[in-house]
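Here the structure comes first, spelled out in structure tokens, and everything after it is commentary.
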Amino acid sequence: MQIDIITLFPELLKSPFEVSIMKRAIEAQKVKVNFHLLRDYAENKQRQVDDYPFGGGAGMVMKIEPIDNCINRLQKNIVYDEIIYLTPDGEQLTQGISNTLSTKKNIIILCGHYKGVDQRVRDHLITREISIGDYVLSGGELAAAVLCDSIIRLIPGVLGDESSALTDSYQDGLLAPPIYTRPANYKGWEVPEILSSGNTPEVEKWREKKAIEKTKALRPDLIKDQE
Ligand code: ADE
């Protein structure tokens, strides 16, 4: 998989790719991540990437030309499955969307800034708009890191234990059950006995029961969605 990220502030974005799972995935060549500095695609001498909004109002708007130039340049070499714009008014990211995106070959992610991009970028250049939640960040870079992490860990072979992504919260429509490790008794706080029983079918039953209980208590909407 190849992910091309278009950004004004690559420094905001790079370090999450330099540690842990994402670093390992890149080193194992499961994914290639490239950063493209939007300013390099600006047309005038000042390398201007934003301008005042037509009609007036506060804040600056990201210009269409540098974005179009950058996307065109990338598309000269590769066909992209999705060109994603990260924006708080996009479709809210879910595990299902990450699962789908993890099966794609090439994607572009455009990080917004200021008041956002000229609407014509959204109307003509972008194939999908994603939000990571109902709150506003200063720009799309942190959202891009979140989106990439959620996708990259799902690429086959990236997680050591292949089954471990399957038992994540949301993967089966339920929150993950509680987990424990040694010591079995810490300050009198005990691990449920069943987990040390060695009885795998019973452990699985217990985990499913706990996952359902937890989901009903914390996210009843997830259960309702399945009914
Ligand atoms: N850019 C700013 N806020 C965002 C959000 N919540 N999700 C995605 N991109 C964003």
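Counting starts at 1 for both ligands and their atoms, following the listed order. Hydrogens, waters and symmetry mates are skipped; everything else that's a heavy atom, side chains included, is used.
Using a cutoff of 4.0 Å between basic side-chain nitrogens and carboxylate oxygens, D50 and K115 are not scored as salt-bridged. For D168 and R153, the salt-bridge test passes: some basic side-chain N is under 4.0 Å from an acidic carboxylate O.
Residues forming a salt bridge (Lys or Arg N to Asp or Glu O under 4.0 Å) with R128 (at least two apart in sequence, or on another chain): E82, E91. Residues satisfying the salt bridge (Lys or Arg N to Asp or Glu O under 4.0 Å) test with D81, not counting sequence neighbours, are none. Annotation: salt bridge (Lys or Arg N to Asp or Glu O under 4.0 Å) contacts of E213 (sequence neighbours excluded): K209, K210.
Contact record, I212 with I223: O-CD1, 4.1 Å, taken as the closest heavy-atom pair.
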Between ligand 1 and the protein, find all N/O pairs closer than 3.5 Å and give the distance for each.
unit_1   : atom_1 : unit_2 : atom_2 : d
ligand 1 : 3 (N)  : L137   : N      : 2.9
ligand 1 : 6 (N)  : G133   : O      : 3.2
ligand 1 : 6 (N)  : Y135   : O      : 2.8
ligand 1 : 7 (N)  : I132   : N      : 3.0
ligand 1 : 9 (N)  : T87    : N      : 3.2

